[in-house]
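Presented below is the structure to which this report refers.
Side-chain atoms are counted along with the backbone in the values below, which use heavy atoms only and exclude waters and symmetry mates. In this chain, numbering begins with 1 at the start of the sequence shown.
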Amino acid sequence: MQAAREALGAPTPDGHEPPRTSVSVHDGSARVRVSVELGYPTDIGARCRAVRQRITERVRTLAGMEVPEVVITVERLHSAHGDRSGGERVR
């Protein structure tokens, strides 16, 4: 969903997957599920709130639907301090 990508910012070249979404529409309202990958360290709560707010605004504006529920699942955190293949832990 474009709105989730907008809220997360520009994609990074380090292999982050784009957000995956599913939407269920019933009685003029949309329920949205989004799976995201985030860089770490980050304020996970703030990032999720930004995605939720952007999706709600865009669906309301473009489709005229209320969005009573946006469920966000953080699938993976990517550390800026370690490489993906090394399996290092960051303290």
Side-chain angles (χ1 to χ4, degrees):
M1 173 174 271
Q2 179 65 30
R5 284 190 294 270
E6 291 169 3
L8 291 172
T12 58
D14 59 1
H16 289 179
E17 292 292 321
R20 291 179 311 216
T21 60
S22 66
V23 179
S24 171
V25 176
H26 185 69
D27 290 334
S29 65
R31 286 181 163 67
V32 181
R33 293 186 164 279
V34 183
S35 295
V36 299
E37 293 186 9
L38 300 175
Y40 185 82
T42 190
D43 184 339
I44 296 169
R47 299 291 305 272
C48 290
R49 278 190 300 279
V51 170
R52 187 175 292 112
Q53 181 179 8
R54 184 68 177 169
I55 287 172
T56 301
E57 290 171 359
R58 297 290 283 161
V59 170
R60 205 176 276 146
T61 299
L62 296 173
M65 295 180 159
E66 290 301 313
V67 185
E69 180 178 61
V70 178
V71 175
I72 301 173
T73 302
V74 178
E75 293 286 333
R76 182 173 296 145
L77 296 174
H78 294 280
S79 174
H81 302 292
D83 69 56
R84 293 174 59 117
S85 61
E88 296 178 25
R89 287 186 60 180
V90 177
R91 291 183 190 227

In residues 24-35, what donor-acceptor pairs under 3.5 Å come from side-chain atoms, sequence neighbours left out?
residue, atom, partner, partner atom, Å
Ser29, OG, His26, O, 3.1
Ser35, OG, Glu75, OE2, 3.4

Taking only distance into account, with no hydrogens and no angle test, what donor-acceptor pairs under 3.5 Å do side-chain atoms of residues 44-51 form with protein atoms, sequence neighbours excluded?
residue, atom, partner, partner atom, Å
Arg47, NH2, Leu8, O, 2.9
Arg49, NH1, Gly45, O, 3.4

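Atom OG1 of Thr73 is separated from atom CD of Glu37 by 12.5 Å, given to the nearest 0.5 angstrom. With rounding to the nearest 0.5 Å, the separation of CD in Glu69 from OG1 in Thr56 is 10.5 Å. One finds the CG atom of Leu38 at 11.5 Å from the CZ atom of Arg76 (value rounded to the nearest 0.5 Å).
Applying the side-chain hydrogen bond (donor to acceptor under 3.5 Å, both in side chains) criterion to Glu57, with sequence neighbours excluded, gives Gln53.
Taking the side chain as every heavy atom from C-beta outward, Arg60 and Val67 never approach each other to under 4.5 Å.
There is no path of hydrophobic side-chain contacts, each under 4.5 Å, that joins Val36 to Val71.
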